[in-house]
Amino acid sequence: MSQNIESHLVENRVIKPTREFSKHARIGSMADYRRIHAASVRNPAKFWAGEASELVWGRKWKSVLKWKAPFARWFDGGTVNVAENCVDRHARGDRRNKAAIIWEGEPGEKRTLTYGQLQREVCLFANVLKRNKVKKGDRVIIYMPLIPEAAVAMLACARIGAVHSVIFGGFSADSIRDRIADSGATCVITADGGYRRGSIVPLKHNVDAALTGDTTVKRVIVFRRANNEIHIEEGRDVWWHRELDYVTADCPVVHHDSEHPLFILYTSGSTGKPKGILHTTGGYLAQAYATTKYIFDLRENDIYWCTADVGWITGHTYLVYGPLANGATCMMYEGAPNWPDPDRFWRIIQNYGVTVFYTAPTAIRAFIKWGDEWVDKHDLSSLRLLGTVGEPINPEAWMWYHRKIGGGRCPIVDTWWQTETGAIMISPLPGATPVKPGTATLPFFGIDAAIVDDNGKEVGPNVGGKLVIRKPWPSMLRTIYGDRARYKKTYWSEFPGYYLTGDGARRDKDGYFWIVGRIDDVLNVAGHRLGTSEIESALVSHHSVAEAAVVGRPDEIKGQGVVAFVTLREGEKPTAELREKLRRHVGAAIGAIAKPDDIHFAEALPKTRSGKIMRRLLKEIAGGGDVKGDTTTLEDFSILSKLKLRDA
Ligand code: 7RM
C-alpha cells in the first residue's frame with residue numbers, strides 16, 4: 001500500500017489574468033515567468049543580487065551566499081540599514097510628501113503619515129531608545145495595538161540595530177513573560193491600551209503582570225493610545241510623549257552587517273515551548289522587497305492594505321517592511337472586521353479607495369458567513385488585486401472572493417509561506433499565472449520547492465508528499481533563537497540539505513502546488529493517507545456550510561475514522577437530514593473513503609489567534625478525551641466548552 005498522501009478532489013476551473021492587467025504588469029506572461037524562474041533557480045545568487053542592488057547599501061557585499069548547511073549567510077560583508085531603505089530613501093526623494101501610512105483607529109480616528117513625517121517619527125523614537133540605554137543587539141519587546149507607532153517602534157529598532165520581538169496584543173501576561181525570558185529583552189514598548197470590538201485591551205496592565213518577580217527588563221516605554229488608567233512604575237516606566245521632549249530628530253543612519261539580527265518572532269509551534277524564529281537584515285529585506293514588488297505588482301498610486309497585525313510575520317513582511325521598502329502607501333486599521341458592523345472592511349476599502357487587498361481565508365469564510373448584504377452596501381470598484389495567506393483557501397471561498405469582492409476582474413494571489421520562510425515562497429504572479437481556485441500555484445523566483453516521499457525522493461504529478469525547499473533563500477530563518485540544535489533538528493534533519501516545511505502537498509500536471517494540510521494532521525483511513533484540506537473543501541462547497549475542520553479518530557477497523565466539525569452559514573439549521581446530506585456530498589465530491597463517519601455542528605471552530613484552525617484540539621475532542629495539550633495560542637477559550645457540550 002502506498003504511503004503517499006492521496007488526492008481525490010479535482011479542481012478544473014482556470015482563471016487567466018485579464019489582458020488589461022497583464023499589459024501593465026511587471027511580469028506579463030508565463031513565458032517570462034518560466035524563463036526568469038529557470039534562470040533564477042540555476043543561479044539564485046545572480047537573481048537575488050539583482051534584487052538586492054535595488055536597495056541602498058552602506059558597503060556592498062563580498063559574497064551573495066555562503067552556505068554551510070543548514071546555516072546561511074546572505075550578502076556577507078555588506079552593510080545596510082532597513083529603516084533607511086523603508087523610510088529615508090523615499091523621504092529624501094520624490095516620495096517625501098507621499099502617504100506612507102494611512103491609519104484608521106477602531107473608534108474611527110484617522111491619521112496619515114507621509115514618508116517625510118514617518119522619517120521624523122522614526123528618528124525621534126530611535127533617539128528615545130538610545131536615551132533609554134537601548135543599544136545595538138539588545139532585544140526589545142513591542143506589545144502594541146495596530147497603530148502607526150507600532151511600525152515606528154519596529155523601524156526605530158531596526159535603525160539602531162536593536163532586535164525587536166513583536167508580541168500580538170491579544171497574548172496574555174504569561175506569554176509575554178515567556179518571550180521576555182527566552183529573548184532576554186531589556187526594554188518593552190507598549191501602550192496604555194488598544195481598541196478591540198469596542199472595548200479597551202489593557203496592554204500596559206498585562207505588561208505589569210508579566211514583569212513581576214525577576215526580569216531582565218529595565219525600561220518600559222508607554223504610548224498613550226486609549227487614555228485608560230494605568231500604573232506607572234517609577235524608575236522603570238516612561239511615557240513615549242514625554243520622552244519626545246528630550247530628543248531631536250537628528251539620528252544619522254548607521255549601517256549594520258547584512259547578517260545582523262533584525263527580529264525574533266515567536267511561533268507557538270504545534271506544542272509546548274515557543275520557538276523564537278530569528279531573521280536577519282539584508283537577505284530578509286531583499287526578499288521582502290522583491291516579493292512585494294512582483295507579487296502585489298505595486299504601482300505608485302496604489303493604496304495597499306494588508307489586514308494582518310504586526311504581531312504576525314505577515315504584518316512584519318507585508319504591512320511594514322515589504323511595502324515601505326517599495327515606497328508604497330499602506331492602509332492600517334486597528335480593530336476587528338465586524339466592529340461596529342460586519343462591513344467595516346468594505347467601508348474602509350470604499351472610503352480610502354484601497355486598490356490592493358491582502359487578507360486570510362479565515363476572514364473570507366467569516367465574510368461569507370455574515371452574508372452578502374454587508375458587501376453589497378459598498379462600492380469596491382477601486383480594488384484591482386486581491387491576496388490571501390495563512391491556510392489553504394477552499395475553492396468555493398476563493399470563487400466568492402473573486403466574484404463578490406473582486407467583481408470578477410481582480411487577480412487573486414494565493415501566497416504560500418511561513419514565519420520561518422520570512423517572505424512569500426509560492427504564489428501566482430498576477431499578470432502572468434493562470435490560476436485555479438485553491439492552489440498557490442508556482443514557486444517565486446529563486447525558490448526551489450519540491451514534493452518528496454518519505455525517502456526524500458521527488459514524487460510525480462498528483463502524488464502527495466512532503467513539501468520541502470531544496471536551496472537556501474535570502475529571507476530564511478537563520479536559527480531558533482538560542483537553540484541551534486533545535487533549528488537543525490526541526491527543519492533540516494529529516495532530509496539532509498532540504499528544508500522541511502511540515503506541510504503536505506501535491507503538484508498537479510501543470511506543476512502547481514496544492515497544500516493538502518499539515519503533515520501532522522494527515523488521516524490514515526483503511527490504509528489511505530488523506531490530507532485534511534480536500535475533505536474540508538468538499539464540505540465548504542455545500543451552500544449550507546461556512547467552515548469545516550476534519551480530524552481523525554481512532555477506529556478499530558479502519559485505523560482512523562473521519563470526523564468533521566462544521567459551522568453553518570447564517571440562517572441554516574443543524575439537522576440530522578443536513579448531516580446526512582453533507583456526508584453524501586463529500587462522498588460524491590471525493591469518494592466513499594473520505595465520507596465523514598461523524599459530523600458535529602459547531603457554533604465556531606477553535607482557532608489560533610492568527611486565525612488558523614487548531615485541528616489538534618478537535619482531534620482530542622473527537623477521540624473522546626479531554627483537551628490536554630497546550631491551549632495558550634487559542635483565540636477564544638469558550639469555544640472548547642461549547643464543542644464539548646454539543647457532543648455530549
Ligand atoms: C504566513 C503564515 C505557516 C503555515 C504554512 C501552511 C499555512 C500559509 C498558505 C498556507 C495553504 C497558503 N505563516 N499556509 N499560507 N497553506 N495555502 N497560501 O501564515 O508561520 O503563521 O503559518 O500556514 O500550513 O506552513 S505561519
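In listed order, ligands and their atoms are each counted from 1.
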Where ligand 1 meets [X] - atom numbers and elements under 4.0 angstrom, heavy-atom basis:
X: Thr415; result: 9 (C), 12 (C), 15 (N), 18 (N)
X: Asp414; result: 12 (C), 17 (N), 18 (N)
X: Ile313; result: 1 (C), 13 (N)
X: Thr314; result: 1 (C)
X: Val389; result: 1 (C), 15 (N)

Among all protein heavy atoms in this structure, tell me which lies nearest to [atom], with the distance rounded to 0.1 Å.
atom: atom 11 (C) of ligand 1; result: Pro392 N, 3.1 Å
atom: atom 3 (C) of ligand 1; result: Trp417 O, 3.6 Å
atom: atom 6 (C) of ligand 1; result: Asp503 OD2, 2.9 Å
atom: atom 19 (O) of ligand 1; result: Lys612 NZ, 2.8 Å
atom: atom 17 (N) of ligand 1; result: Glu391 O, 3.4 Å

Original post:
Do the side chain of Asp297 and the main chain of Arg26 share a donor and acceptor less than 3.5 angstrom apart?
Top reply: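 Flag set: sc Asp297 to bb Arg26 pair under 3.5 Å.
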Subject >> Side-chain (Ser22) to main-chain (Gly431) donor-acceptor, under 3.5 angstrom >> reply: yes
Original post:
Under a 4.0 Å heavy-atom limit, does Ile393 contact ligand 1 with its side chain, its backbone, both, or neither?
Top reply: neither
**OP:** Can you label the angle between the Trp48 ring and the Phe444 ring as parallel, tilted or perpendicular, going by 30° and 60°?
**Re:** tilted
Would the [X] and [Y] ring centres measure less than 6.0 Å apart?
X: Phe71; Y: Tyr487; value: yes
X: Trp473; Y: Tyr499; value: yes
X: Tyr333; Y: Trp103; value: no
X: Trp370; Y: Phe367; value: yes

Counting only nitrogen or oxygen atoms and a 3.5 angstrom limit, does [X] reach ligand 1?
X: Thr388; result: no
X: Thr501; result: no
X: Gly390; result: yes
X: Arg518; result: yes

Original post:
When you look at Arg384 and Asp302, which way does the salt bridge (Lys or Arg N to Asp or Glu O under 4.0 Å) test go after all the steps?
Top reply: CA-CA 9 Å; Arg384 64 176 198 88; Asp302 270 320; 2.7 Å; yes
Subject >> Option passing ring pair (Phe, Tyr, Trp, His ring centres under 6.0 Å) with His279 (candidates Tyr481, Tyr321, Trp74, Phe263) >> reply: Phe263
Original post:
Among Ile15, Ile405, Thr388, which one satisfies side chain to side chain contact (heavy atoms under 4.5 Å, CB included) with Ile412?
Top reply: Thr388
Original post:
Who gets closest to atom 13 (N) of ligand 1 by heavy atom: Ile515, Thr317, Ile424, Thr419?
Top reply: Thr419
